[in-house]
Amino acid sequence: MDINYTPAELEFRDEVRAFVSVALPDDIAAKVRLGKHLSKDDHQRWQRILAKRGWYAANWPVEHGGTGWSVVQKHIFEEECAAFGAPRLISFGVNMVAPVIIKFGTQTQKDHYLPRILSGEDWWCQGYSEPGAGSDLASLKTRAVRDGEHYIVNGQKTWTTLGQHANMIFCLVRTDPDAQQQRGISFLLIDMASPGITVRPIITLDGDHEVNEVFFDNVRVPVANLVGEENQGWTCAKYLLTHERTGQAGIAQSKAALAQLKQVAARELRNGRPLLDDPLFRAQVAEVEIQLLAIEVSTLRILAAAQAGGVPGAESSILKIKGSEIRQAISHLLRKALGVHALPFVEEELDFDHAGELRHADYSAAPAGQYFNLRKLSIYGGSNEIQKNIIAKMILEL
Amino acid sequence: MDFTLSEEQQMLQDTVVRLVRDSYSFEQREQFYRSEPGFSWAFWQQLGELGLCSVPIAEAHGGFGGSGVDNLLIMTELGRNLCLEPFLQSQIHGAGLLQQLGNAQQCEALLPRVASGELQLAVALEESQSHYLLHDVQTRAVVVDGGWKLSGHKVVVVGGHSAGLILLSARTAGEPLDEQGISLFLLDPASVGVSRRAYPNIDGPHACDVVLDEVFIAADSLLGEPGRALPALRYQRGRAIAAQCAEAVGGMQEAFRLTLDYLKTRQQFGAPIGKFQVLQHRMADMRGELELASSMAILAACVADEVDSEERSRRLAAAKFVVVRAARFIAEQAIQLHGGIGMTWEYNLAHHAKRLVMLSHQLGDDDHHLQAYAELLKSA
Ligand SMILES: Cc1cc2nc3c(=O)[nH]c(=O)nc-3n(C[C@H](O)[C@H](O)[C@H](O)COP(=O)(O)OP(=O)(O)OC[C@H]3O[C@@H](n4cnc5c(N)ncnc54)[C@H](O)[C@@H]3O)c2cc1C
């Protein structure tokens, strides 16, 4: 046993570090570190930079333009990117729909969609959840009825992350209302510009516009946009969910957030001294750092096992739970570190280009809102309660 | 021992319950939030007309002379409906300081106007670096001919943007962090050299920062003896904490109620989600936290007006600590049990959650009060 990176892995890390340190635009890094708003263009700029280097599609096989990296390499890559303040990649296209297309799609679909994802031409969003179908996704009601070479889609999706930027949405739709829940579902790719689609913003408690409702009113979708077989969409969905969950531990983001927490706590004062020197606060920072270390080693251990045997199993549920909890705990401490300065809700300071005088510090405007926003981590991608059900069933066989 | 309300107290409670129910729907609150002062002057006037503004103020000064429990009853209902008015800051904290430190003339001139709701006060104690420590005062006041000259910076003064007068701590002697040398002044925000930057707080109420650039104020703006304000600042913060705990209990009760209702109505997997045992246990845990927090809010209300003592300080610190922890647990779990819907601006639950979490950023967080308690820990 050896818990250290191999020389080859270390070399890879240096290569990534050297690249990211130079290639990542300073303004994007500052926005991420300080929690300022990222525009669509910011995301796309960074994607293009990675794509040019051949590092955008880390999870794809080489023949489609992927990196062919091992899971450890992917982990190193994510960690280096986050450490320099790179934005987390919007995964709906590159890491969600693409693996499904690669696994279940037709050659035509692969040829059409994959290059457009790599180039950033298409921005995808995920149309799974509905008002009545959250944790119980299989109860979804959005209907697709065959009409010659088209499906006619009617229904509503909700919580659609960044749907306002997207030109494509992948949806789970019901194609056979008589079949048992999971059976009658299909996986459909829909152009957001289709007549009959309406996108309406949902404002979250932090005042942000990140999620949307998407309404479908007699939307015509070519049958050619079906991925896999009709009524077999659940297989695609499950395949995608495992992919979604693996990346969700978010260790790299937590490490970057912890570094930011320490910097802020070193600058905020209590009793004339840095808050970080306050024994009680310092102990809490130590506690999250210890916890994070344990989660990181576990991630590597589980990834290494997966490396040998394909997609990780129910252990990814453990990582999702632990990873979301630690990220939330760090965001709690960052908010706490700001004392009264966490209270002001000065929205214009979330704009990086805001020219006015800062109310307190460049880092103080975002953390409270972020703390509330990050409650989502334990809700989406399969809530933490649902993850525990999976663990109980799959690992514990209860 | 007696935990029941008197007949008078029940009437008071009924009055507030009816008032907020009739004039403070969540939709109205959203309008108040977006309006100019960030709350409703009309509602404030109603609080005055119904005599509620006068409850915390002594009879001698035109008030009702209410007890800590009376304040608790009002604050709980204001908390239940997420009211945005600076009642705590003005009627409890501000008026309390004025009453404790002001001389007869100052009290006579101002308190009746505060009691009627005509004059709104705010309290400016926090500074950029102070992190809840009342003696960490760098704002300075120096004696000049006929009065004082103030320079410095106060932050996150809740209700300070709309206040007619701001009670403000400043150092008249000594070094930063000295306990001696701190004085309290009455500041007219319209004075030359005062600038205010207003904003909403993330939990709803509006606040401002106050910058003082060589502001001249008259000699009679000093409250109490120069350099000796700290004990009163601490005592009155204790009263404010008691009120804050009561407000939080109202919010927790409402967040709890909304969540319980939701568990009974939201269907997933063919059943109301309240049928899932893990959620039942979570609700039971929340109920337990709520129970302890309610008790501590009552304890705080009962000791808030006692003569200053270590025991009083300990109990108030303990109350704030328990309430902060309970409020965060209930807020986080209420969102969690709602799923995505609990995170939306449109739904009042999310605003309760924000209020409950952010309560720890005013008048000291759980760490602050744990340390305060530890320092006063009895050795045996
Ligand atoms: C910020 C955000 C972004 C999102 N982005 C997207 C997106 O881009 N695309 C998309 O399709 N969806 C998205 N979602 C939706 C997300 O996947 C759902 O919120 C999630 O599946 C939970 O569903 P729900 O919100 O309806 O909660 P519900 O399923 O109603 O759950 C409510 C509560 O009940 C619990 N619960 C439910 N069932 C059980 C059970 N069997 N046992 C124990 N507890 C249970 C849950 O854990 C939760 O605590 C997003 C959500 C959020 C908050």
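Residue numbers start from 1 in every chain, and the chains themselves are labelled A, B, ... in the order their sequence lines are given, proteins ahead of strands. Heavy atoms only: backbone and side chains are in, while hydrogens, waters and symmetry mates are out. Here the structure is a predicted model, which means the values were calculated and not measured.
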Student: Just wondering, more than 12 heavy atoms not from K322(A) lying within 6.0 Å of its NZ?
Tutor: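 Result for NZ/K322(A): open.
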Student: What closest approach, in Å, do R335(A) and S360(B) show between heavy atoms, and which atom pair accounts for it?
Tutor: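 Reported closest heavy-atom pair: NH1-OG, 4.1 Å.
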Student: Is there a side chain to side chain contact (heavy atoms under 4.5 Å, CB included) between F345(A) and D203(B) once you walk through the steps?
Tutor: CA-CA 8 Å; F345(A) 183 47; D203(B) 59 347; over 6 Å; no
Student: Thinking salt bridges, do R282(B) and E385(A) make one under a 4.0 Å N-O criterion?
Tutor: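 Counted as a salt bridge, because a side-chain N and a carboxylate O are separated by less than 4.0 Å.
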Student: Rounded at 0.5 Å granularity, tell me how far CD1 in I386(A) sits from CZ in F276(B).
Tutor: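 So the CD1 of I386(A) and the CZ of F276(B) are separated by 7.0 Å.
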Student: Report the option among H351(B), E346(B), M343(B) that has the most heavy-atom pairs separated by less than 4.5 Å from atoms of chain A.
Tutor: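 The candidate making the most pairs under 4.5 Å is M343(B).
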Student: Evaluate whether atom CD of E36(B) has more than 12 neighbouring non-hydrogen atoms of other residues, nucleotides or ligands under 6.0 angstrom away.
Tutor: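 No, not enclosed.
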Student: Quick one: of L280(A), I202(A), L338(A), N373(A), who has the most non-hydrogen atom pairs under 4.5 Å with chain B?
Tutor: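 Most heavy-atom pairs under 4.5 Å with chain B: L280(A).
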Student: Can you tell me which portion of E126(B) sits under 4.5 Å from chain A's heavy atoms? Options are side chain, backbone, both or neither.
Tutor: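 It is the side chain, since no backbone atom gets that close.
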Student: What closest approach, in Å, do P344(A) and V156(B) show between heavy atoms, and which atom pair accounts for it?
Tutor: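 So the two residues come closest at CG-CG2, 3.9 Å.
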Student: Which one, Q284(A), R359(A), H332(A), leads in non-hydrogen pairs under 4.5 Å with chain B?
Tutor: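 The answer is R359(A).
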Student: Answer with side chain, backbone, both or neither: which region of I335(B) has an atom nearer than 4.5 Å to a non-hydrogen atom of chain A?
Tutor: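 Both the backbone and the side chain of I335(B) come within 4.5 Å of chain A.
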Student: Any donor and acceptor pair, going by atom type alone, linking the side chain of H361(B) with main-chain N or O of G339(A) inside 3.5 Å?
Tutor: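 Between the backbone of G339(A) and the side chain of H361(B) there is a qualifying donor-acceptor contact (under 3.5 Å).
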Student: Only one of L269(A), V340(A), L275(A) clears side chain to side chain contact (heavy atoms under 4.5 Å, CB included) with H131(B); which?
Tutor: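 It is L275(A), the one option of L269(A), V340(A), L275(A) that forms the side chain to side chain contact (heavy atoms under 4.5 Å, CB included) with H131(B).
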Student: Tell me, for A361(A) versus chain B, whether the close heavy atoms (under 4.5 Å) come from the side chain, the backbone, both or neither.
Tutor: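 Neither part.
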Student: Hey, is CD on E30(B) packed in by over 12 heavy atoms from elsewhere, all under 6.0 Å?
Tutor: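 It does: E30(B) CD has more than 12 such atoms within range.
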Student: Show your reasoning for whether side chain to side chain contact (heavy atoms under 4.5 Å, CB included) applies to S135(A) and R266(B).
Tutor: CA-CA 11 Å; S135(A) 298; R266(B) 172 68 169 169; over 6 Å; no
Student: Apply side chain to side chain contact (heavy atoms under 4.5 Å, CB included) to the pair Y132(B) and N271(A), showing each step before the final yes or no.
Tutor: CA-CA 9 Å; Y132(B) 316 124; N271(A) 217 359; over 6 Å; no
Student: Between chain A and each of I341(B), D136(B), V278(B), count heavy-atom pairs under 4.5 Å; write down the option with the most.
Tutor: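 Heavy-atom pair counts peak at I341(B).
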Student: Check A350(B) against L205(A) and note the closest heavy-atom contact, atom names and distance.
Tutor: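 For A350(B) and L205(A), the tightest heavy-atom pair comes out as CB-CB, 3.7 Å.
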Student: Within the 3.5 Å criterion, strictly below it, is a donor on Q336(B) or N384(A) matched to an acceptor on the partner's side chain?
Tutor: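 Q336(B) vs N384(A): no donor-acceptor pair found between side chains.
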Student: Can you tell which part of Y199(B) gets under 4.5 Å to a heavy atom of chain A, answering side chain, backbone, both or neither?
Tutor: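 For Y199(B), the side chain is the part near chain A, not the backbone.
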Student: What part of H368(B) gets within 4.5 angstrom of chain A, counting heavy atoms only: side chain, backbone, both, or neither?
Tutor: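 The answer is both parts of H368(B).
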Student: State, to 0.1 Å, how close W345(B) and T204(A) come at their nearest heavy-atom pair, and which atoms those are.
Tutor: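 Heavy-atom minimum between the residues: CE3-O, 3.6 Å.
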Student: Counting only non-hydrogen atoms closer than 4.5 Å, does S128(B) touch chain A with its backbone (N, CA, C, O), its side chain (CB onward), both, or neither?
Tutor: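 For S128(B), heavy atoms of backbone and side chain both lie under 4.5 Å from chain A.
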Student: Any chance you could lay out the side chain to side chain contact (heavy atoms under 4.5 Å, CB included) test for L343(A) and M358(B), step after step, and finish with the verdict?
Tutor: CA-CA 7 Å; L343(A) 282 161; M358(B) 299 313 289; 3.8 Å; yes
Student: Less than 4.5 Å to any heavy atom of chain A: does that hold for the side chain of D367(B), its backbone, both, or neither?
Tutor: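 It is both, since atoms from each part get that close.
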Student: Counting only heavy atoms closer than 4.5 Å, note whether I273(B) contacts chain A via side chain, backbone, both or neither.
Tutor: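 No part of I273(B) comes within 4.5 Å of chain A.
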Student: Please flag which part of Q328(A) lies under 4.5 Å from any non-hydrogen atom of chain B: side chain, backbone, both or neither.
Tutor: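 Contact with chain B: none, neither part.
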Student: Name the option with the most non-hydrogen atom pairs under 4.5 Å to chain A; the candidates are Q267(B), H338(B), E332(B).
Tutor: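 Between Q267(B), H338(B), E332(B), the count favours E332(B).
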Student: Just verifying a value: how many Å separate Q129(B) CD and E268(A) CD, rounded to the nearest 0.5 Å?
Tutor: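 Spacing of CD (Q129(B)) from CD (E268(A)) equals 10.0 Å.
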Student: Check each atom of P200(B) against the heavy atoms of chain A and say whether the ones under 4.5 Å are side chain, backbone, both or neither.
Tutor: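 Its backbone and side chain both get close to chain A.
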Student: So R197(B) and V346(A), do their side chains get closer than 4.5 Å, heavy atoms only?
Tutor: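 The answer is yes; the side chains approach within 4.5 Å.
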Student: At a 4.5 Å cut-off on heavy atoms, which part of E349(A) comes close to chain B: side chain, backbone, both, or neither?
Tutor: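 When you check distances to chain B, only side chain atoms of E349(A) fall under 4.5 Å.
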Student: Cut-off 3.5 Å, no hydrogens considered: what does the side-chain donor-acceptor table look like for residues 388-398 of chain A, sequence neighbours left out?
Tutor:
none

Student: How many angstroms lie between NE2 in H360(A) and CG in D209(B), if you round to the nearest 0.5 Å?
Tutor: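 Reported to 0.5 Å precision, the distance equals 10.0 Å.
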Student: Over all heavy atoms of both residues, which pair between H341(A) and V155(B) is shortest? Give the atoms and the distance, please.
Tutor: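 So the minimum-distance heavy-atom pair works out to CE1-CG2, 4.0 Å.
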Student: Below 4.5 Å from any heavy atom of chain B, which atoms of I203(A) appear? Answer side chain, backbone, both or neither.
Tutor: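 Interface part for I203(A): both.
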